[in-house]
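This report concerns only the one structure given below.
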Number of protein chains: 2
Amino acid sequence: MAHSSLILKKGRKFDQVIEGARTVFLRDGYEGASVDDIAREAGVSKATLYSYFPDKRVLFLEIAALETRRQADAHEERLDVTDPPEIVLPSAGRKILDFVLSDIGIAVFRIAVAESARFPEIGQKFYDSGPGLLKERLSQYLASWCAQGVLTIDDPELAAEQFAELCKVHLFHAHLFQGRTDVDEAERGRIIDSAVALFLARYGTRS
Amino acid sequence: MAHSSLILKKGRKFDQVIEGARTVFLRDGYEGASVDDIAREAGVSKATLYSYFPDKRVLFLEIAALETRRQADAHEERLDVTDPPEIVLPSAGRKILDFVLSDIGIAVFRIAVAESARFPEIGQKFYDSGPGLLKERLSQYLASWCAQGVLTIDDPELAAEQFAELCKVHLFHAHLFQGRTDVDEAERGRIIDSAVALFLARYGTRS
DNA sequence: GCACAACTAAACTGATCAGTTTACTTTCAG
DNA sequence: CTGAAAGTAAACTGATCAGTTTAGTTGTGC
């Protein structure tokens with residue numbers, strides 16, 4: 001008895017295709033990736049690949065969707081409303097910064113920026129599952145502490161985005177445009193501390 | 001007498017080629033642009049184009065360099081050190097925001113992000129003539145007002161980048177990823193006002 | 001008005017690549 | 001064991017495109 005694989009849509013190598021496409025698209029971008037490369041990387045014949053996906057574009061959109069979902073999952077954990085901003089903001093900021101400096105974070109950003117002119121839904125999905133989702137969660141957290149009088153924020157959504165941007169300052173551009181991959185712990189900490197201080201100087205109720 | 005055109009390197013149609021390449025590269029990106037398209041757009045034969053530039057890559061790098069120079073020129077005007085931060089910051093912020101929301105600003109950013117993995121010097125040049133130059137100018141301005149005790153900033157370069165990022169909050173991503181081109185004056189003003197307030201709450205000496 | 005450089009249209013080369021087809025092999029459920 | 005579904009390698013089609021070549025035309029300084 002045992003493994004009734006009802007869930008398998010069709011084909012044994014579907015996952016291999018997805019994994020190969022992911023690798024190649026993230027490494028080479030949409031234009032730079034060739035279908036032959038993907039098939040080779042996936043360890044699958046081109047004919048098999050084309051039995052799953054009608055064309056390169058659809059395969060790419062599928063990968064982009066999966067990858068943005070994964071991005072969303074990385075930000076999954078709700079912010080703990082019971083912890084105060086002085087605790088939550090530094091740790092949330094660190095997670096944001098670590099993600100946008102990661103290889104996968106940079107690769108997805110690069111592709112979203114490059115291809116969202118050609119494929120508008122890619123830009124939309126990327127935004128919704130990345131910056132947009134973060135804004136939603138963080139603004140809810142901020143609003144709940146406003147209600148308690150610990151924070152004073154007239155527009156929590158705007159404030160959430162301001163905080164997120166402050167966390168990326170300097171290092172994100174340095175990595176994206178100057179290839180600086182050598183960002184150490186201390187430097188990250190310095191940026192986040194400054195972001196939190198700047199944020200709380202304005203939105204924190206006087207201590 | 002008259003027009004001794006000593007300056008002309010060679011060729012009467014050099015400028016046409018540049019202009020055509022600019023149009024097509026900014027519209028279609030590096031991979032998306034074809035040399036035939038560029039020649040047609042420039043109103044020039046392919047052979048002429050190839051008499052000026054050895055290959056597509058060099059032509060692209062030339063356009064990217066010119067375009068980033070132009071970007072730098074747009075930020076040219078030094079900040080007037082005699083005006084106080086409450087005057088300078090809102091107007092500088094508006095200029096930053098207007099630029100990054102302009103068609104040309106978005107197009108150059110898209111190409112810099114997409115191609116700086118393939119052509120590292122593009123990322124470097126873009127950074128130097130855009131965000132880097134701005135940081136330099138703005139941090140000098142900030143430092144000069146620190147000396148007078150009006151501002152209190154331990155790291156003016158970091159603060160300059162923080163301010164620049166705050167000015168782009170929300171609207172830049174909305175335009176880049178969601179194609180929102182309909183950003184009105186009021187919304188821009190709201191973002192800038194909030195950025196200035198946030199910045200001065202922390203770095204301004206108490207009023 | 002001549003000589004020479006700049007320019008042209010168009011054809012061509014060689015490469016790459018998306019997507020298809022063919023003839024064959026592997027896998028596995030019943 | 002068997003037959004159908006899934007997969008394979010490799011050749012093929014048709015298109016695009018960077019870059020070259022050819023044979024001829026235009027513009028211009030002198």
Side-chain angles (χ1 to χ4, degrees), chain A residues 1-64 111 114-115 118-119 122, chain B residues 1-64 111 114-115 118-119 122:
Chain A
M1 46 217 51
H3 60 303
S4 71
S5 46
L6 289 172
I7 313 101
L8 288 188
K9 310 183 159 205
K10 54 182 173 185
R12 316 185 280 272
K13 313 228 165 162
F14 189 87
D15 293 351
Q16 276 173 255
V17 172
I18 292 289
E19 191 50 41
R22 188 181 107 90
T23 302
V24 175
F25 278 134
L26 288 179
R27 188 185 61 215
D28 300 334
Y30 179 74
E31 291 284 359
S34 89
V35 176
D36 290 86
D37 275 357
I38 292 171
R40 197 176 316 116
E41 178 72 32
V44 139
S45 77
K46 227 173 141 184
T48 297
L49 186 155
Y50 275 106
S51 78
Y52 292 135
F53 297 96
D55 59 30
K56 185 187 177 186
R57 190 179 146 277
V58 169
L59 175 55
F60 179 65
L61 290 175
E62 185 63 29
I63 299 300
I111 288 176
E115 302 304 335
R118 192 191 318 259
F119 305 126
I122 284 184
Chain B
M1 50 206 43
H3 58 302
S4 70
S5 45
L6 288 172
I7 311 101
L8 289 188
K9 309 182 160 205
K10 54 181 174 184
R12 316 185 276 273
K13 314 230 167 160
F14 189 87
D15 292 353
Q16 276 173 255
V17 172
I18 293 290
E19 191 50 40
R22 188 180 108 89
T23 301
V24 177
F25 277 133
L26 289 179
R27 187 185 63 215
D28 299 334
Y30 180 74
E31 292 285 358
S34 88
V35 177
D36 290 84
D37 275 358
I38 293 170
R40 195 175 318 114
E41 178 72 32
V44 140
S45 77
K46 229 172 143 186
T48 298
L49 186 156
Y50 276 106
S51 78
Y52 293 135
F53 298 96
D55 58 32
K56 186 187 177 186
R57 190 179 146 275
V58 170
L59 174 56
F60 179 65
L61 290 174
E62 185 63 29
I63 299 301
I111 287 176
E115 302 304 336
R118 193 191 317 259
F119 305 126
I122 284 183

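In what follows, chains are A, B, ... by sequence order, proteins preceding strands, each numbered from 1.
Considering only residues two or more places apart in sequence or on other chains, B/Asp37 meets the side-chain contact (heavy atoms from CB on, under 4.5 Å) condition with B/Val24, B/Asp28, B/Ser34, B/Arg40. For B/Arg57, the side-chain contact (heavy atoms from CB on, under 4.5 Å) partners two or more places apart in sequence, or in a different chain, are B/Tyr30, B/Asp55, B/Leu61, B/Phe119, B/Glu121. In this structure B/Ala21 satisfies the side-chain contact (heavy atoms from CB on, under 4.5 Å) test together with B/Phe25, B/Ile38, B/Leu59, B/Ile63, sequence neighbours excluded.
In this structure, A/Ile18 CD1 and A/Phe53 CZ are separated by 4.0 Å, a value rounded to the nearest 0.5 Å.
Taking the charged nitrogens against the carboxylate oxygens, A/Arg118 and B/Glu31 have no contact shorter than 4.0 Å, which rules out a salt bridge.
Across the protein-nucleic acid pair, B/Asp15 atom CG and C/dC7 atom C1' stand 16 Å apart, rounded to whole Å. Per the geometry, CZ belonging to A/Phe60 stands 13 Å off P belonging to C/dA18, to the nearest Å. For A/Tyr52 and D/dA6, the OH to C1' distance is 7 Å, given to the nearest whole Å. Straight-line distance from the CG atom of B/Asp37 to the P atom of D/dC17: 7 Å, rounded to whole Å. In this structure, A/Glu31 atom CD and D/dT16 atom P are separated by 14 Å, rounded to whole Å.
Using a 4.0 Å cut-off on heavy atoms, none of the residues of residues 16-30 of chain A approach DNA chain C.
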Scoring nucleotides 23-28 of chain C by protein non-hydrogen atoms under 4.0 Å (B base, S sugar-phosphate only, - none) yields ----S-

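Of all heavy-atom pairs between B/Ala114 and A/Ala114, the closest is CB-CB, 3.5 Å.
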Please write out the pairs of protein N or O atoms and N or O atoms of nucleotides 19-21 of chain D separated by less than 3.5 Å, giving the distance to one decimal.
unit_1, atom_1, unit_2, atom_2, d
D/dG19, OP2, B/Tyr50, OH, 3.2
D/dG19, OP2, B/Lys56, N, 2.7
D/dG19, N7, B/Lys46, NZ, 2.7
D/dG19, O6, B/Lys46, NZ, 2.7

